[in-house]
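All heavy atoms count here, side chains included; hydrogens, waters and symmetry mates do not. Letters A, B, ... are given to chains in the order of the sequence lines, protein chains preceding strands, and every chain is numbered from 1. Because the structure is predicted, anything quoted here is derived from the model rather than measured.
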Amino acid sequence: MNLFAEYQAKVIEIVEGLARDGVLPSGLGLSRIVVEPPRDRSHGDLATNAAMVLAKDAGMKPRDLAERIVGKLRQDPGVTEAEAAGPGFINIRLKPVLFENVVRAAVLAGPDFGRSAMGAGAKVNVEYVSANPTGPMHVGHCRGAVFGDALANLLAFAGHDVTREYYINDAGAQVDVLARSAYLRYREALGEEIGPIPEGLYPGDYLKPVGEALAKTHGNAFLNRSEREWLEPVRSVAIDAMMAMIREDLKALSIEHAVFFSERSLHEGNASAVGAAIADLSERNLIYQGRLPPPKGSPEADWEDREQTLFKATAFGDDVDRPLLKSDGGYTYFASDIAYHRDKFLRGFKIMIDVWGADHGGYIKRLKAAVTAVTGGEGTLDIEICQLVRLLRDGQEVKMSKRAGTFVTLREVVDEVGPDPVRFMMLYRKNDAPLDFDLAKVVEQSKDNPVFYVQYAHARSASIFRQAKMAYGEASFGQEELASADLSLLADEAEQGIMKLVAQYPRLIDSAAANREPHRVAFYLYEIASSLHALWSKGKEDAALRFVNDKDRELTKARLALVGSLMTVLGSGLKLLGVSAPDEMR
RNA sequence: GAUCCCAUAGCUCAGCCGGAUAGAGCAGCCGCCUUCUAAGCGGCAGGUCGCAGGUUCGAAUCCUGCUGGGAUCGCCA
């Protein structure tokens, strides 16, 4: 039930009709036609730019074209008024019953209100978090985790077939370092004095239990053996332990991935996936032996000019061609990543979304180039970058340093402030803008805290229903009854404002999903929460506006339908963000 | 040297694939609790949209250059 989409379709139909009648040329670019709520409410309920975007191709003045469209719009049964305005806008007023029907639809549909078919069931792979399995997650990972999760929710709600995926970087040098670090803890567990952890190994205590577990299951079987003998089993145990820890951390934020994809698996077998990907590129003539210029601006002391195996990334907009093989003969991380994304494509995902931290920004062009190459242009990779999070406490930056031991883990933050503030505040900002996260402010229970403010609106709505049931009995005001309410009784401007906001929800979902911007949901929720608080306060001054009126059941019913629709939207939006929608505040 | 992101009110930020008089919160000032939760609401004041060009009927939004801030830059992941 998306009024804006409905009227966009109607406007397009009118334009096509005018083209059939010869008033307009055919083949106009109709996709640019937008029907949106006008910024100024005095302009009506809907506004469209149709006449302005088509005027040029139509060879007509915007106002003239607008008049033609207006003439047709006036014949629409739902339209009470249509007029050309300003430079060529068409402003439309709708019969109130259309908005009333949206409220009814929201009450009846409940959690499904706003669900959209926009995605048309397309398979989408959203890869997020993918933190290295070498230690606990820190706050830096948090934003990408929350963003990716909310984006996945949003895309699913907007009609996509979403798979949430985590890429485990379990190949390469870092996990070998992890294994060596765990081995040290293993020796420690067997009673050896290991002293300070050597430079270059992971010092954290979190590896102690891994060492103990190794000692328990393997006894001293690995003691005094060459690394070749123990590296693999120790690494495997350590990675499993780290992944278990990471999953626990994610669970604290109610994040769950459907697929955990192992980088190592891409290297296994005689015909490895990485080998296949490179062979694929090779067949496309995108691989050659060549030299690269040394990087500028970074130390060049250890630069070794040599011929290497390069992917022709520049053919797809990258700045330089990229190496696929390391000097030791192994594959680069990039080579694995190509194979990984090729695998996603082969699994049927034409739409891939990766969520990365800002520090990986420099990697975007090459991977997009690779995806275009390896899918023959049929797969698209969207990379969403989350900027850094600055952790504050009462306005003071919390400096983080592994060495100083002031390292803050994701778990510590979630345990301190709770998952709701973490999730909401991470989403109450565009993902590509840096974010300050103040541990003290996000737990404040006041209107200064948007998390609380929005949740409070939901609780307040629930409270209104409780009050109504006290006045009229527990069995009163079920879904069906509310849907039959006479909503024309809701004449106050504030009440109508809420109806119109509710009517915008489906449109919001589509645009937030299409733009991959879950923060729009958060801002919308704040706005609609505000509209409830305002109406509530109006009832303080004017008793006639109170939601529960124990002398007028019909009016109460209408108001509850309104509150019900708002509560539905609040609950739905909060669910998309992964934030709880409490029925009362404590 | 290069690439990417950012720059909007004193502060923190929205601004919906270009559109009508640029919005919200905080801070400041003035108001609202006998009454469904004041954990809230209303009002006032506050902006050369970093700078300079360009495209367009129309630019905070698109393009180019510059300034300032952040991130990154073969064989780490």
Side-chain angles (χ1 to χ4, degrees), chain A residues 31-32 34 36-40 43 47 49 52-53 55-56 61-62 85-89 91 130-132 134 167 169 171-175 263 291-298 302-306 308 310 318-323 325-330 332-334 336-337 357-365 385 387-388 428-430 432-436 444-450 452-453 456-457 459-460 463-464 466-468 470-471 504 507-508 510-512 514-515 517 519-520 523-524 526-527 530 533-541 543 546-550 584-585:
Chain A
S31 62
R32 289 155 67 210
V34 175
E36 58 190 352
R39 196 181 303 169
D40 188 335
H43 290 148
N49 60 355
M52 291 183 288
V53 296
K56 196 168 193 177
K61 287 183 186 165
F89 280 103
N91 291 328
S130 300
N132 289 338
T134 55
Y167 184 47
N169 299 131
Q174 293 196 358
V175 283
E263 178 188 1
R291 292 173 190 278
L292 286 178
K296 295 184 176 169
S298 59
D302 56 347
W303 171 259
E304 174 201 353
D305 188 21
R306 64 180 180 88
Q308 45 191 342
L310 299 170
D318 199 0
D319 308 307
V320 287
D321 293 334
R322 305 292 180 175
L325 293 176
K326 299 191 281 193
S327 52
D328 67 3
T332 58
Y333 180 80
F334 180 47
S336 309
D337 227 357
D359 53 341
H360 288 67
Y363 195 75
I364 295 175
K365 282 187 183 178
I385 288 292
Q387 288 295 327
L388 303 180
Y428 197 60
R429 178 110 327 161
K430 262 184 318 199
D432 54 5
L435 167 70
D436 286 351
E444 242 174 59
Q445 301 219 337
S446 78
K447 71 195 182 86
D448 301 349
N449 181 354
F452 171 79
Y453 187 83
Y456 181 42
R460 196 167 240 184
S463 159
I464 291 165
R466 286 193 294 271
Q467 294 293 337
M470 267 207 278
Q504 281 183 39
R507 178 175 183 272
L508 172 93
D510 280 353
S511 69
N515 291 289
E517 291 186 339
H519 76 271
R520 292 191 195 186
F523 279 93
Y524 169 85
Y526 187 89
E527 194 182 349
S530 171
H533 293 315
L535 181 53
W536 174 284
S537 295
K538 265 188 135 172
K540 284 260 171 207
E541 285 155 24
R546 290 195 200 161
F547 296 105
V548 180
N549 183 323
D550 50 20
E584 55 184 338
M585 305 299 280

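Base pairing annotation: B/U37 forms no Watson-Crick or G-U wobble pair, as no partner gives both donor-acceptor distances under 3.5 Å. The partner of B/C49 is absent, by the rule that a Watson-Crick or G-U pair needs both atom distances under 3.5 Å. B/C75 makes up no base pair with any nucleotide shown, lacking Watson-Crick or G-U wobble contacts both under 3.5 Å. Applying the Watson-Crick and G-U wobble criteria (two distances, each under 3.5 Å), B/U12 pairs with B/A24.
Along RNA chain B, the nucleotide nearest to A/Ser530 and the one nearest to A/Arg39 differ in position, and the one closer to the 5' end is contacted by A/Arg39. Place A/Arg520 and A/His533 on RNA chain B by their nearest nucleotides, and A/Arg520 ends up nearer the 5' end.
In B/C33 the base sits syn relative to the sugar, since the glycosidic angle is no further than 90° from 0.
A/Arg322 comes within 4.0 angstrom of nothing in the nucleic acid, heavy atoms only.
Residues A/Phe452 and A/Glu444 form no side-chain contact, since every pair of their non-hydrogen atoms from C-beta on lies 4.5 Å or further apart. Residues A/Arg520 and A/Asn515 are in side-chain contact: their nearest non-hydrogen atoms beyond the backbone lie under 4.5 Å apart. A/Val175 has its side chain out of reach of A/Asn169: every pair of non-hydrogen atoms, C-beta onward, lies at least 4.5 Å apart.
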Could you go through nucleotides 67-71 of chain B and list every protein N or O atom that sits under 3.5 Å from one of its N or O atoms, giving the distance for each pair?
{"from": "B/A71", "atom 1": "O2'", "to": "A/Ala358", "atom 2": "O", "distance (Å)": "2.9"}

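Side-chain atoms of A/Ser511 and base atoms of B/C16 include no donor and acceptor less than 3.5 Å apart.
With B/G74, B/C32, B/A39 as the candidates, the nucleotide lying closest to the side chain of A/Gln308 is B/G74.
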